[in-house]
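This report refers to the structure that appears directly beneath it.
A note on names: the letters A, B, ... follow the listed sequences, proteins ahead of strands, and every chain is numbered from 1. Computed from a predicted structure; not experimentally measured.
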Number of protein chains: 2
Amino acid sequence: MQKTAVVKSNDHIAAQLAPVGRETVQDRVYLELRRALIGGLFEPSQVLTIRGLADALMTSTMPVREALGRLITEKALEALPNRSVRVPPITLERMDDLLRARILIEGEAIALAATRMSPRQVSVIESMLSEWDEMRALKLKKDVDREVTLNQSFHFEIYRACGSAVLIPMIESLWLQSGPCIRVAIYAFSEAGEVDTAHFHRRIVGALAVQDAAAAREALIADISRPFNFLRNKLQSEAASKGTS
Amino acid sequence: MQKTAVVKSNDHIAAQLAPVGRETVQDRVYLELRRALIGGLFEPSQVLTIRGLADALMTSTMPVREALGRLITEKALEALPNRSVRVPPITLERMDDLLRARILIEGEAIALAATRMSPRQVSVIESMLSEWDEMRALKLKKDVDREVTLNQSFHFEIYRACGSAVLIPMIESLWLQSGPCIRVAIYAFSEAGEVDTAHFHRRIVGALAVQDAAAAREALIADISRPFNFLRNKLQSEAASKGTS
DNA sequence: TCATTACAAGTGTGATCACAAATCAAAAAT
DNA sequence: ATTTTTGATTTGTGATCACACTTGTAATGA
(Lines give C-alpha, C1' and ligand atoms only; values in the text may rest on other atoms or scores of the structure.)
Protein backbone atom coordinates (compact mmCIF):
# COMPACT_ATOMS: atom_id res chain seq x y z
CA MET A 1 0.00 0.00 0.00
CA GLN A 2 2.83 2.37 0.91
CA LYS A 3 4.65 1.41 -2.23
CA THR A 4 1.78 2.31 -4.46
CA ALA A 5 1.31 5.49 -2.48
CA VAL A 6 4.87 6.53 -3.26
CA VAL A 7 4.31 5.83 -6.91
CA LYS A 8 1.09 7.78 -6.85
CA SER A 9 2.45 10.75 -4.96
CA ASN A 10 2.62 12.82 -8.11
CA ASP A 11 -0.97 12.15 -8.95
CA HIS A 12 -1.99 12.84 -5.40
CA ILE A 13 -0.38 16.26 -5.40
CA ALA A 14 -1.99 17.02 -8.74
CA ALA A 15 -5.35 15.97 -7.32
CA GLN A 16 -4.93 18.36 -4.43
CA LEU A 17 -4.05 21.19 -6.73
CA ALA A 18 -7.21 20.49 -8.69
CA PRO A 19 -9.85 19.95 -5.99
CA VAL A 20 -12.63 19.75 -8.60
CA GLY A 21 -12.22 16.00 -8.55
CA ARG A 22 -15.93 15.41 -9.09
CA GLU A 23 -16.12 16.44 -12.69
CA THR A 24 -14.37 14.30 -15.23
CA VAL A 25 -11.97 15.58 -17.82
CA GLN A 26 -14.23 14.53 -20.64
CA ASP A 27 -17.03 16.62 -19.21
CA ARG A 28 -14.74 19.59 -18.94
CA VAL A 29 -13.66 19.14 -22.55
CA TYR A 30 -17.24 18.65 -23.66
CA LEU A 31 -18.43 21.81 -21.92
CA GLU A 32 -15.46 23.74 -23.25
CA LEU A 33 -16.14 22.75 -26.83
CA ARG A 34 -19.84 23.35 -26.35
CA ARG A 35 -19.20 26.85 -25.07
CA ALA A 36 -16.92 27.52 -27.98
CA LEU A 37 -19.52 26.31 -30.46
CA ILE A 38 -22.46 28.23 -29.03
CA GLY A 39 -20.27 31.30 -28.85
CA GLY A 40 -19.29 30.79 -32.46
CA LEU A 41 -15.56 30.60 -31.75
CA PHE A 42 -15.17 28.02 -34.46
CA GLU A 43 -15.71 28.95 -38.04
CA PRO A 44 -18.20 27.05 -40.15
CA SER A 45 -16.52 24.36 -42.27
CA GLN A 46 -13.52 24.38 -39.96
CA VAL A 47 -12.10 20.90 -39.44
CA LEU A 48 -11.13 19.80 -35.95
CA THR A 49 -8.51 17.20 -35.15
CA ILE A 50 -8.49 15.11 -32.03
CA ARG A 51 -4.81 15.57 -31.29
CA GLY A 52 -4.98 19.27 -32.02
CA LEU A 53 -7.81 19.83 -29.56
CA ALA A 54 -6.13 17.57 -27.03
CA ASP A 55 -3.00 19.70 -27.14
CA ALA A 56 -5.01 22.92 -26.95
CA LEU A 57 -6.99 21.65 -23.96
CA MET A 58 -3.92 20.20 -22.25
CA THR A 59 -5.15 16.62 -22.08
CA SER A 60 -4.85 13.37 -23.95
CA THR A 61 -6.85 12.32 -26.95
CA MET A 62 -9.17 10.16 -24.90
CA PRO A 63 -11.53 12.74 -23.43
CA VAL A 64 -11.50 14.74 -26.65
CA ARG A 65 -12.67 11.95 -28.87
CA GLU A 66 -15.51 11.12 -26.53
CA ALA A 67 -16.57 14.75 -26.46
CA LEU A 68 -16.41 14.95 -30.25
CA GLY A 69 -18.55 11.85 -30.54
CA ARG A 70 -21.16 13.37 -28.30
CA LEU A 71 -21.17 16.64 -30.24
CA ILE A 72 -21.52 14.73 -33.49
CA THR A 73 -24.64 12.94 -32.32
CA GLU A 74 -26.08 16.30 -31.34
CA LYS A 75 -25.41 17.49 -34.91
CA ALA A 76 -23.25 20.24 -33.46
CA LEU A 77 -20.39 18.78 -35.46
CA GLU A 78 -20.32 16.80 -38.65
CA ALA A 79 -18.49 13.56 -39.39
CA LEU A 80 -17.04 13.53 -42.86
CA PRO A 81 -16.56 10.28 -44.78
CA ASN A 82 -12.84 10.90 -44.26
CA ARG A 83 -13.54 10.20 -40.60
CA SER A 84 -12.50 13.75 -39.86
CA VAL A 85 -14.92 16.10 -38.15
CA ARG A 86 -15.77 19.68 -38.97
CA VAL A 87 -18.11 22.46 -37.98
CA PRO A 88 -21.12 22.17 -40.30
CA PRO A 89 -21.11 24.77 -43.05
CA ILE A 90 -23.84 27.37 -43.29
CA THR A 91 -26.42 27.04 -46.02
CA LEU A 92 -29.67 28.89 -46.57
CA GLU A 93 -31.65 25.68 -46.36
CA ARG A 94 -30.08 24.69 -43.09
CA MET A 95 -30.65 28.13 -41.62
CA ASP A 96 -34.34 28.07 -42.47
CA ASP A 97 -34.57 24.54 -41.17
CA LEU A 98 -32.98 25.53 -37.88
CA LEU A 99 -35.12 28.63 -37.50
CA ARG A 100 -38.32 26.71 -38.10
CA ALA A 101 -37.37 24.13 -35.48
CA ARG A 102 -36.40 26.82 -33.00
CA ILE A 103 -39.66 28.70 -33.52
CA LEU A 104 -41.59 25.49 -33.00
CA ILE A 105 -39.82 24.23 -29.90
CA GLU A 106 -38.68 27.38 -28.15
CA GLY A 107 -42.10 28.88 -28.86
CA GLU A 108 -43.76 25.97 -27.13
CA ALA A 109 -41.32 26.18 -24.25
CA ILE A 110 -41.99 29.84 -23.59
CA ALA A 111 -45.73 29.32 -23.89
CA LEU A 112 -45.49 26.66 -21.22
CA ALA A 113 -43.24 28.86 -19.12
CA ALA A 114 -45.66 31.76 -19.39
CA THR A 115 -48.40 29.78 -17.67
CA ARG A 116 -46.09 28.36 -15.02
CA MET A 117 -43.77 31.15 -14.01
CA SER A 118 -44.30 32.69 -10.63
CA PRO A 119 -44.08 36.48 -10.24
CA ARG A 120 -40.89 35.77 -8.35
CA GLN A 121 -39.35 34.09 -11.39
CA VAL A 122 -40.54 36.85 -13.69
CA SER A 123 -38.83 39.44 -11.54
CA VAL A 124 -35.58 37.50 -11.82
CA ILE A 125 -35.81 37.62 -15.58
CA GLU A 126 -36.76 41.26 -15.47
CA SER A 127 -33.71 42.09 -13.43
CA MET A 128 -31.56 40.70 -16.21
CA LEU A 129 -32.75 43.46 -18.50
CA SER A 130 -30.86 46.03 -16.47
CA GLU A 131 -27.61 44.23 -17.20
CA TRP A 132 -28.28 44.89 -20.81
CA ASP A 133 -28.74 48.60 -20.20
CA GLU A 134 -25.51 48.59 -18.23
CA MET A 135 -23.60 47.00 -21.03
CA ARG A 136 -25.26 49.34 -23.46
CA ALA A 137 -24.20 52.36 -21.42
CA LEU A 138 -20.50 51.60 -21.42
CA LYS A 139 -20.44 50.24 -24.91
CA LEU A 140 -17.12 51.69 -25.82
CA LYS A 141 -15.85 48.41 -27.13
CA LYS A 142 -18.10 45.85 -28.67
CA ASP A 143 -18.18 42.97 -26.26
CA VAL A 144 -19.72 40.35 -28.47
CA ASP A 145 -18.76 37.53 -26.14
CA ARG A 146 -20.59 39.09 -23.23
CA GLU A 147 -23.62 39.83 -25.39
CA VAL A 148 -23.81 36.23 -26.53
CA THR A 149 -23.50 34.95 -22.98
CA LEU A 150 -26.08 37.35 -21.63
CA ASN A 151 -28.52 36.50 -24.39
CA GLN A 152 -28.07 32.82 -23.65
CA SER A 153 -28.66 33.29 -19.92
CA PHE A 154 -31.79 35.31 -20.54
CA HIS A 155 -33.39 32.76 -22.83
CA PHE A 156 -32.50 29.67 -20.86
CA GLU A 157 -33.64 31.21 -17.62
CA ILE A 158 -37.07 31.33 -19.25
CA TYR A 159 -36.90 27.92 -20.86
CA ARG A 160 -35.91 26.33 -17.59
CA ALA A 161 -39.23 27.51 -16.20
CA CYS A 162 -41.18 25.45 -18.73
CA GLY A 163 -40.48 22.43 -16.55
CA SER A 164 -39.87 20.02 -19.41
CA ALA A 165 -36.82 17.81 -19.05
CA VAL A 166 -37.33 16.75 -22.66
CA LEU A 167 -37.63 20.11 -24.40
CA ILE A 168 -34.72 21.84 -22.73
CA PRO A 169 -32.00 19.49 -24.00
CA MET A 170 -33.48 19.81 -27.47
CA ILE A 171 -33.27 23.56 -27.26
CA GLU A 172 -29.68 23.28 -26.13
CA SER A 173 -28.97 21.12 -29.13
CA LEU A 174 -30.60 23.69 -31.41
CA TRP A 175 -28.51 26.50 -29.96
CA LEU A 176 -25.45 24.34 -30.42
CA GLN A 177 -26.31 23.88 -34.06
CA SER A 178 -27.15 27.49 -34.78
CA GLY A 179 -24.26 28.89 -32.73
CA PRO A 180 -21.88 29.41 -35.61
CA CYS A 181 -24.56 31.20 -37.64
CA ILE A 182 -25.64 33.43 -34.79
CA ARG A 183 -22.15 34.63 -34.06
CA VAL A 184 -21.75 35.81 -37.62
CA ALA A 185 -25.08 37.58 -37.45
CA ILE A 186 -24.49 39.26 -34.09
CA TYR A 187 -21.10 40.44 -35.21
CA ALA A 188 -22.65 41.91 -38.33
CA PHE A 189 -25.36 43.47 -36.19
CA SER A 190 -22.98 45.58 -34.17
CA GLU A 191 -21.54 46.86 -37.43
CA ALA A 192 -24.79 47.58 -39.20
CA GLY A 193 -26.21 50.17 -36.81
CA GLU A 194 -27.53 49.44 -33.40
CA VAL A 195 -30.60 47.23 -33.36
CA ASP A 196 -31.92 47.19 -29.85
CA THR A 197 -31.91 43.65 -28.53
CA ALA A 198 -33.18 44.84 -25.19
CA HIS A 199 -36.36 46.10 -26.79
CA PHE A 200 -37.33 42.63 -27.90
CA HIS A 201 -36.45 41.19 -24.54
CA ARG A 202 -38.62 43.76 -22.81
CA ARG A 203 -41.53 42.68 -24.97
CA ILE A 204 -40.94 39.11 -23.87
CA VAL A 205 -40.78 40.03 -20.20
CA GLY A 206 -43.90 42.12 -20.53
CA ALA A 207 -45.85 39.21 -21.94
CA LEU A 208 -44.53 36.84 -19.27
CA ALA A 209 -45.49 39.27 -16.51
CA VAL A 210 -49.17 39.09 -17.51
CA GLN A 211 -48.97 35.36 -18.31
CA ASP A 212 -49.94 35.93 -21.94
CA ALA A 213 -48.60 32.78 -23.56
CA ALA A 214 -49.49 33.76 -27.12
CA ALA A 215 -47.89 37.18 -26.85
CA ALA A 216 -44.79 35.71 -25.28
CA ARG A 217 -44.49 33.23 -28.12
CA GLU A 218 -44.86 35.96 -30.71
CA ALA A 219 -42.31 38.19 -29.02
CA LEU A 220 -39.87 35.31 -28.75
CA ILE A 221 -40.30 34.40 -32.40
CA ALA A 222 -39.57 37.98 -33.37
CA ASP A 223 -36.47 37.92 -31.20
CA ILE A 224 -34.91 34.73 -32.42
CA SER A 225 -35.84 35.37 -36.04
CA ARG A 226 -33.83 38.60 -36.26
CA PRO A 227 -30.32 37.18 -36.61
CA PHE A 228 -31.53 34.54 -39.05
CA ASN A 229 -33.32 37.06 -41.25
CA PHE A 230 -30.33 39.34 -41.10
CA LEU A 231 -27.97 36.58 -42.08
CA ARG A 232 -30.28 35.40 -44.82
CA ASN A 233 -30.36 38.83 -46.39
CA LYS A 234 -26.62 39.07 -46.11
CA LEU A 235 -26.02 35.73 -47.78
CA GLN A 236 -28.52 36.48 -50.51
CA SER A 237 -27.03 39.88 -51.30
CA GLU A 238 -23.58 38.34 -51.38
CA ALA A 239 -24.79 35.68 -53.77
CA ALA A 240 -26.43 38.35 -55.91
CA SER A 241 -23.31 40.53 -56.05
CA LYS A 242 -21.25 37.52 -56.96
CA GLY A 243 -23.70 36.74 -59.71
CA THR A 244 -23.41 40.23 -61.21
CA SER A 245 -19.66 40.57 -60.94
CA MET B 1 -4.76 6.06 -67.02
CA GLN B 2 -5.49 2.41 -67.63
CA LYS B 3 -3.27 1.49 -64.75
CA THR B 4 -5.13 3.67 -62.31
CA ALA B 5 -8.32 2.25 -63.61
CA VAL B 6 -7.02 -1.20 -62.84
CA VAL B 7 -5.85 -0.14 -59.41
CA LYS B 8 -9.21 1.40 -58.68
CA SER B 9 -11.02 -1.65 -59.86
CA ASN B 10 -9.34 -3.61 -57.09
CA ASP B 11 -10.64 -1.17 -54.54
CA HIS B 12 -14.01 -1.36 -56.11
CA ILE B 13 -14.05 -5.14 -55.94
CA ALA B 14 -12.76 -5.02 -52.39
CA ALA B 15 -15.53 -2.62 -51.50
CA GLN B 16 -18.03 -5.04 -52.96
CA LEU B 17 -16.55 -7.98 -51.12
CA ALA B 18 -16.56 -6.14 -47.83
CA PRO B 19 -19.38 -3.66 -48.12
CA VAL B 20 -19.39 -3.10 -44.36
CA GLY B 21 -15.79 -1.96 -44.42
CA ARG B 22 -16.91 1.61 -44.08
CA GLU B 23 -18.60 1.37 -40.77
CA THR B 24 -16.53 1.50 -37.64
CA VAL B 25 -16.97 -0.79 -34.68
CA GLN B 26 -18.23 2.03 -32.52
CA ASP B 27 -20.95 2.77 -35.04
CA ARG B 28 -21.95 -0.86 -35.06
CA VAL B 29 -22.11 -0.88 -31.27
CA TYR B 30 -24.01 2.39 -31.24
CA LEU B 31 -26.58 1.18 -33.74
CA GLU B 32 -26.90 -2.12 -31.91
CA LEU B 33 -27.60 -0.44 -28.58
CA ARG B 34 -29.90 2.02 -30.28
CA ARG B 35 -31.91 -0.75 -31.85
CA ALA B 36 -32.12 -2.51 -28.53
CA LEU B 37 -33.33 0.63 -26.81
CA ILE B 38 -35.98 1.57 -29.35
CA GLY B 39 -37.16 -2.01 -29.35
CA GLY B 40 -37.36 -1.93 -25.58
CA LEU B 41 -34.98 -4.86 -25.09
CA PHE B 42 -33.57 -3.19 -22.02
CA GLU B 43 -35.69 -2.79 -18.96
CA PRO B 44 -36.20 0.63 -17.44
CA SER B 45 -33.83 1.25 -14.50
CA GLN B 46 -31.53 -1.47 -15.75
CA VAL B 47 -27.87 -0.58 -15.23
CA LEU B 48 -25.42 -1.23 -18.02
CA THR B 49 -21.71 -1.82 -17.55
CA ILE B 50 -19.10 -1.04 -20.15
CA ARG B 51 -17.25 -4.32 -19.79
CA GLY B 52 -20.46 -6.32 -19.74
CA LEU B 53 -21.66 -4.81 -23.00
CA ALA B 54 -18.19 -5.15 -24.51
CA ASP B 55 -18.23 -8.88 -23.78
CA ALA B 56 -21.76 -9.26 -25.10
CA LEU B 57 -20.92 -7.41 -28.30
CA MET B 58 -17.59 -9.20 -28.73
CA THR B 59 -15.42 -6.14 -28.71
CA SER B 60 -13.26 -4.12 -26.36
CA THR B 61 -14.46 -1.46 -23.96
CA MET B 62 -13.40 1.36 -26.22
CA PRO B 63 -16.23 1.41 -28.76
CA VAL B 64 -18.76 0.68 -26.04
CA ARG B 65 -17.91 3.61 -23.88
CA GLU B 66 -18.06 5.99 -26.83
CA ALA B 67 -21.45 4.63 -27.78
CA LEU B 68 -22.70 4.98 -24.21
CA GLY B 69 -21.50 8.56 -24.09
CA ARG B 70 -23.41 9.35 -27.25
CA LEU B 71 -26.56 7.71 -25.95
CA ILE B 72 -26.27 9.62 -22.69
CA THR B 73 -26.18 12.95 -24.47
CA GLU B 74 -29.30 11.92 -26.35
CA LYS B 75 -30.97 11.23 -23.01
CA ALA B 76 -31.52 7.66 -24.13
CA LEU B 77 -29.43 6.58 -21.16
CA GLU B 78 -28.83 8.20 -17.84
CA ALA B 79 -25.51 8.83 -16.05
CA LEU B 80 -25.80 8.24 -12.34
CA PRO B 81 -23.60 10.10 -9.89
CA ASN B 82 -21.93 6.73 -9.29
CA ARG B 83 -20.62 7.14 -12.82
CA SER B 84 -22.62 4.09 -13.77
CA VAL B 85 -25.21 4.31 -16.51
CA ARG B 86 -28.73 2.96 -16.59
CA VAL B 87 -31.87 2.99 -18.69
CA PRO B 88 -33.98 5.89 -17.41
CA PRO B 89 -36.86 4.73 -15.21
CA ILE B 90 -40.45 5.36 -16.23
CA THR B 91 -42.40 8.02 -14.40
CA LEU B 92 -45.76 9.54 -15.18
CA GLU B 93 -44.25 13.01 -15.46
CA ARG B 94 -41.62 11.87 -17.90
CA MET B 95 -44.18 10.01 -20.00
CA ASP B 96 -46.38 13.08 -20.31
CA ASP B 97 -43.34 15.17 -21.05
CA LEU B 98 -42.27 12.82 -23.81
CA LEU B 99 -45.73 12.59 -25.30
CA ARG B 100 -46.13 16.36 -25.42
CA ALA B 101 -42.79 16.74 -27.18
CA ARG B 102 -43.62 13.99 -29.64
CA ILE B 103 -47.00 15.51 -30.44
CA LEU B 104 -45.37 18.86 -31.02
CA ILE B 105 -42.48 17.74 -33.19
CA GLU B 106 -43.83 14.69 -34.98
CA GLY B 107 -47.04 16.60 -35.58
CA GLU B 108 -45.12 19.37 -37.26
CA ALA B 109 -43.08 16.88 -39.26
CA ILE B 110 -46.13 15.10 -40.66
CA ALA B 111 -47.83 18.40 -41.43
CA LEU B 112 -44.79 19.39 -43.46
CA ALA B 113 -44.68 15.98 -45.09
CA ALA B 114 -48.35 16.19 -46.03
CA THR B 115 -47.73 19.25 -48.17
CA ARG B 116 -44.57 17.88 -49.73
CA MET B 117 -45.23 14.23 -50.40
CA SER B 118 -45.69 13.19 -53.98
CA PRO B 119 -48.43 10.72 -54.87
CA ARG B 120 -45.58 8.32 -55.57
CA GLN B 121 -44.36 8.58 -52.01
CA VAL B 122 -47.87 8.24 -50.62
CA SER B 123 -48.34 5.01 -52.51
CA VAL B 124 -45.15 3.66 -50.97
CA ILE B 125 -46.51 4.37 -47.52
CA GLU B 126 -49.85 2.91 -48.49
CA SER B 127 -48.24 -0.32 -49.60
CA MET B 128 -46.82 -0.73 -46.12
CA LEU B 129 -50.35 -1.09 -44.76
CA SER B 130 -50.72 -4.43 -46.47
CA GLU B 131 -47.77 -5.80 -44.55
CA TRP B 132 -49.76 -5.11 -41.45
CA ASP B 133 -52.71 -7.06 -42.74
CA GLU B 134 -50.37 -9.90 -43.62
CA MET B 135 -48.94 -10.01 -40.16
CA ARG B 136 -52.41 -9.72 -38.74
CA ALA B 137 -53.59 -12.67 -40.79
CA LEU B 138 -50.99 -15.14 -39.59
CA LYS B 139 -50.93 -13.84 -36.08
CA LEU B 140 -50.51 -17.17 -34.46
CA LYS B 141 -47.67 -16.00 -32.31
CA LYS B 142 -47.40 -12.44 -31.16
CA ASP B 143 -44.46 -11.03 -32.99
CA VAL B 144 -43.90 -7.93 -30.94
CA ASP B 145 -40.46 -7.34 -32.42
CA ARG B 146 -41.80 -7.30 -35.93
CA GLU B 147 -44.65 -5.04 -34.94
CA VAL B 148 -42.27 -2.54 -33.36
CA THR B 149 -40.02 -2.57 -36.41
CA LEU B 150 -42.89 -2.19 -38.83
CA ASN B 151 -44.38 0.66 -36.84
CA GLN B 152 -41.02 2.39 -36.85
CA SER B 153 -40.57 2.00 -40.59
CA PHE B 154 -44.04 3.34 -41.26
CA HIS B 155 -43.59 6.47 -39.21
CA PHE B 156 -40.07 7.33 -40.31
CA GLU B 157 -40.91 6.81 -43.95
CA ILE B 158 -43.34 9.67 -43.46
CA TYR B 159 -41.06 11.82 -41.37
CA ARG B 160 -38.28 11.50 -43.90
CA ALA B 161 -40.57 13.17 -46.41
CA CYS B 162 -40.78 16.33 -44.30
CA GLY B 163 -37.37 17.24 -45.66
CA SER B 164 -36.01 18.65 -42.41
CA ALA B 165 -32.52 17.53 -41.48
CA VAL B 166 -33.06 19.12 -38.08
CA LEU B 167 -36.40 17.63 -37.05
CA ILE B 168 -35.67 14.03 -37.99
CA PRO B 169 -32.73 13.51 -35.61
CA MET B 170 -34.85 15.02 -32.85
CA ILE B 171 -37.63 12.57 -33.57
CA GLU B 172 -35.12 9.74 -33.49
CA SER B 173 -33.96 10.95 -30.11
CA LEU B 174 -37.56 11.04 -28.88
CA TRP B 175 -38.19 7.48 -30.03
CA LEU B 176 -34.99 6.46 -28.34
CA GLN B 177 -36.20 7.97 -25.10
CA SER B 178 -39.70 6.58 -25.27
CA GLY B 179 -38.63 3.17 -26.53
CA PRO B 180 -38.62 1.41 -23.16
CA CYS B 181 -42.11 2.76 -22.36
CA ILE B 182 -43.56 1.84 -25.72
CA ARG B 183 -42.41 -1.72 -25.54
CA VAL B 184 -44.20 -2.20 -22.25
CA ALA B 185 -47.34 -0.67 -23.71
CA ILE B 186 -47.32 -2.67 -26.94
CA TYR B 187 -46.75 -5.87 -25.04
CA ALA B 188 -49.68 -5.04 -22.81
CA PHE B 189 -51.72 -4.17 -25.90
CA SER B 190 -51.49 -7.59 -27.39
CA GLU B 191 -52.72 -9.00 -24.10
CA ALA B 192 -55.57 -6.59 -23.53
CA GLY B 193 -57.60 -7.40 -26.61
CA GLU B 194 -56.70 -6.41 -30.11
CA VAL B 195 -56.66 -2.67 -30.71
CA ASP B 196 -56.27 -2.18 -34.41
CA THR B 197 -53.08 -0.29 -35.10
CA ALA B 198 -53.70 -0.54 -38.82
CA HIS B 199 -56.88 1.46 -38.47
CA PHE B 200 -55.00 4.47 -37.16
CA HIS B 201 -52.39 4.12 -39.85
CA ARG B 202 -55.06 4.03 -42.53
CA ARG B 203 -56.42 7.30 -41.23
CA ILE B 204 -52.95 8.79 -41.53
CA VAL B 205 -52.48 7.55 -45.07
CA GLY B 206 -55.91 8.80 -46.02
CA ALA B 207 -55.08 12.31 -44.84
CA LEU B 208 -51.71 12.26 -46.60
CA ALA B 209 -53.31 11.14 -49.84
CA VAL B 210 -55.42 14.30 -50.00
CA GLN B 211 -52.62 16.47 -48.60
CA ASP B 212 -54.69 17.46 -45.59
CA ALA B 213 -51.99 18.52 -43.16
CA ALA B 214 -54.32 19.22 -40.24
CA ALA B 215 -56.07 15.87 -40.54
CA ALA B 216 -52.76 14.07 -40.84
CA ARG B 217 -51.52 15.75 -37.70
CA GLU B 218 -54.67 14.81 -35.81
CA ALA B 219 -54.53 11.21 -36.96
CA LEU B 220 -50.88 10.96 -36.02
CA ILE B 221 -51.51 12.42 -32.58
CA ALA B 222 -54.21 9.85 -31.99
CA ASP B 223 -51.85 7.10 -33.09
CA ILE B 224 -48.85 7.99 -30.96
CA SER B 225 -50.97 8.89 -27.94
CA ARG B 226 -52.48 5.42 -27.62
CA PRO B 227 -49.59 3.56 -26.00
CA PHE B 228 -48.93 6.46 -23.67
CA ASN B 229 -52.52 6.71 -22.55
CA PHE B 230 -52.66 2.97 -22.12
CA LEU B 231 -49.51 2.91 -20.06
CA ARG B 232 -50.64 5.87 -18.01
CA ASN B 233 -53.88 4.12 -17.08
CA LYS B 234 -51.96 0.98 -16.25
CA LEU B 235 -49.52 2.77 -13.99
CA GLN B 236 -52.27 4.71 -12.29
CA SER B 237 -54.38 1.64 -11.62
CA GLU B 238 -51.34 -0.16 -10.28
CA ALA B 239 -50.60 2.73 -7.99
CA ALA B 240 -54.23 2.76 -6.87
CA SER B 241 -54.31 -0.96 -6.14
CA LYS B 242 -51.09 -0.65 -4.23
CA GLY B 243 -52.61 2.18 -2.24
CA THR B 244 -55.65 0.11 -1.24
CA SER B 245 -53.80 -3.09 -0.44
C1' DT C 1 -25.85 -10.38 17.91
C1' DC C 2 -25.00 -6.33 15.65
C1' DA C 3 -22.09 -2.75 13.97
C1' DT C 4 -17.74 -1.43 12.19
C1' DT C 5 -13.69 -2.12 9.70
C1' DA C 6 -10.66 -4.22 6.42
C1' DC C 7 -10.08 -6.61 2.30
C1' DA C 8 -11.32 -7.90 -2.38
C1' DA C 9 -13.64 -7.75 -6.65
C1' DG C 10 -15.60 -4.77 -10.01
C1' DT C 11 -16.12 -0.43 -12.65
C1' DG C 12 -15.25 4.00 -14.93
C1' DT C 13 -11.58 7.09 -16.48
C1' DG C 14 -7.52 8.57 -18.65
C1' DA C 15 -3.10 7.61 -20.98
C1' DT C 16 -0.38 5.18 -24.19
C1' DC C 17 0.59 2.09 -27.97
C1' DA C 18 -0.19 -0.31 -32.51
C1' DC C 19 -2.19 -0.19 -36.77
C1' DA C 20 -4.65 1.22 -41.02
C1' DA C 21 -6.23 4.73 -43.82
C1' DA C 22 -5.84 9.22 -45.54
C1' DT C 23 -2.97 13.47 -46.80
C1' DC C 24 0.66 15.73 -48.32
C1' DA C 25 5.39 16.39 -50.52
C1' DA C 26 9.00 15.40 -53.02
C1' DA C 27 11.05 12.77 -56.59
C1' DA C 28 10.81 10.29 -60.86
C1' DA C 29 8.99 9.23 -65.38
C1' DT C 30 6.65 10.47 -69.40
C1' DA D 1 6.31 20.99 -67.66
C1' DT D 2 2.86 17.91 -66.31
C1' DT D 3 1.64 13.72 -64.39
C1' DT D 4 2.52 9.67 -61.66
C1' DT D 5 4.42 7.37 -58.10
C1' DT D 6 6.55 6.76 -53.96
C1' DG D 7 7.65 7.82 -49.31
C1' DA D 8 6.81 10.28 -44.92
C1' DT D 9 3.65 12.48 -41.92
C1' DT D 10 -0.70 12.96 -39.91
C1' DT D 11 -5.02 11.27 -38.28
C1' DG D 12 -8.72 8.26 -36.50
C1' DT D 13 -9.63 3.76 -34.40
C1' DG D 14 -9.25 0.06 -31.33
C1' DA D 15 -6.82 -2.41 -27.59
C1' DT D 16 -4.46 -2.55 -23.34
C1' DC D 17 -2.79 -0.87 -19.01
C1' DA D 18 -2.67 1.82 -14.57
C1' DC D 19 -5.20 4.17 -11.31
C1' DA D 20 -9.18 5.97 -8.45
C1' DC D 21 -13.41 5.06 -6.80
C1' DT D 22 -17.28 2.37 -5.54
C1' DT D 23 -19.46 -1.80 -3.91
C1' DG D 24 -19.97 -6.00 -1.68
C1' DT D 25 -18.34 -9.32 1.62
C1' DA D 26 -15.94 -11.36 5.28
C1' DA D 27 -13.43 -10.66 9.51
C1' DT D 28 -13.02 -8.21 13.80
C1' DG D 29 -14.64 -5.40 17.42
C1' DA D 30 -17.97 -4.11 21.06
Please tabulate, for side-chain N and O atoms in residues 45-63 of chain B, each donor-acceptor pair with protein atoms closer than 3.5 Å (sequence neighbours left out).
from	atom 1	to	atom 2	distance (Å)
Q46(B)	OE1	E43(B)	N	2.9
T49(B)	OG1	G52(B)	N	3.1
S60(B)	OG	M62(B)	N	3.3

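Nearest heavy atom pair, residue L77(A) against residue P88(A), reads CA-CD, 4.0 Å. Of all heavy-atom pairs spanning P89(A) and R94(A), the tightest one is O-CD, 4.0 Å.
Contact check, N82(B) against dT23(D): a side-chain N or O comes under 4.0 Å of OP1 or OP2.
Taking atom CG of L77(B) as the reference point, atom P of dG12(C) lies 12 Å away to the nearest angstrom. Regarding R83(A), its CZ atom lies at a distance of 6 Å from the P atom of dT13(D), rounded to whole Å. The interatomic distance linking D27(A) (CG) with dG14(C) (C1') rounds to 13 Å, in whole Å.
Looking at residues 48-55 of chain B, you'll see L48(B), T49(B), I50(B), R51(B) sit with a heavy atom under 4.0 Å from some atom of DNA chain C. Contacts between residues 57-73 of chain B and DNA chain C, defined by a heavy-atom separation under 4.0 Å, are made by M62(B), R65(B).
At distances below 3.5 Å, not a single donor-acceptor pair connects side-chain atoms of E108(A) with backbone N or O atoms of I105(A).
Note on ring orientation: taking the six-membered ring where Trp is involved, the planes of Y159(B) and F156(B) are perpendicular (angle over 60°, cut-offs 30° and 60°).
The salt bridge (Lys or Arg N to Asp or Glu O under 4.0 Å) pairs that include a residue from residues 58-68 of chain A are R65(A)-E66(B), E66(A)-R65(B), where partners are two or more places apart or lie in different chains.
For F154(A), the ring pair (Phe, Tyr, Trp, His ring centres under 6.0 Å) test picks out H201(A), with sequence neighbours left out. In terms of the side-chain contact (heavy atoms from CB on, under 4.5 Å) criterion, residue partners of L41(A) (sequence neighbours excluded) are, by chain and number, A36(A), D145(A), R183(A).
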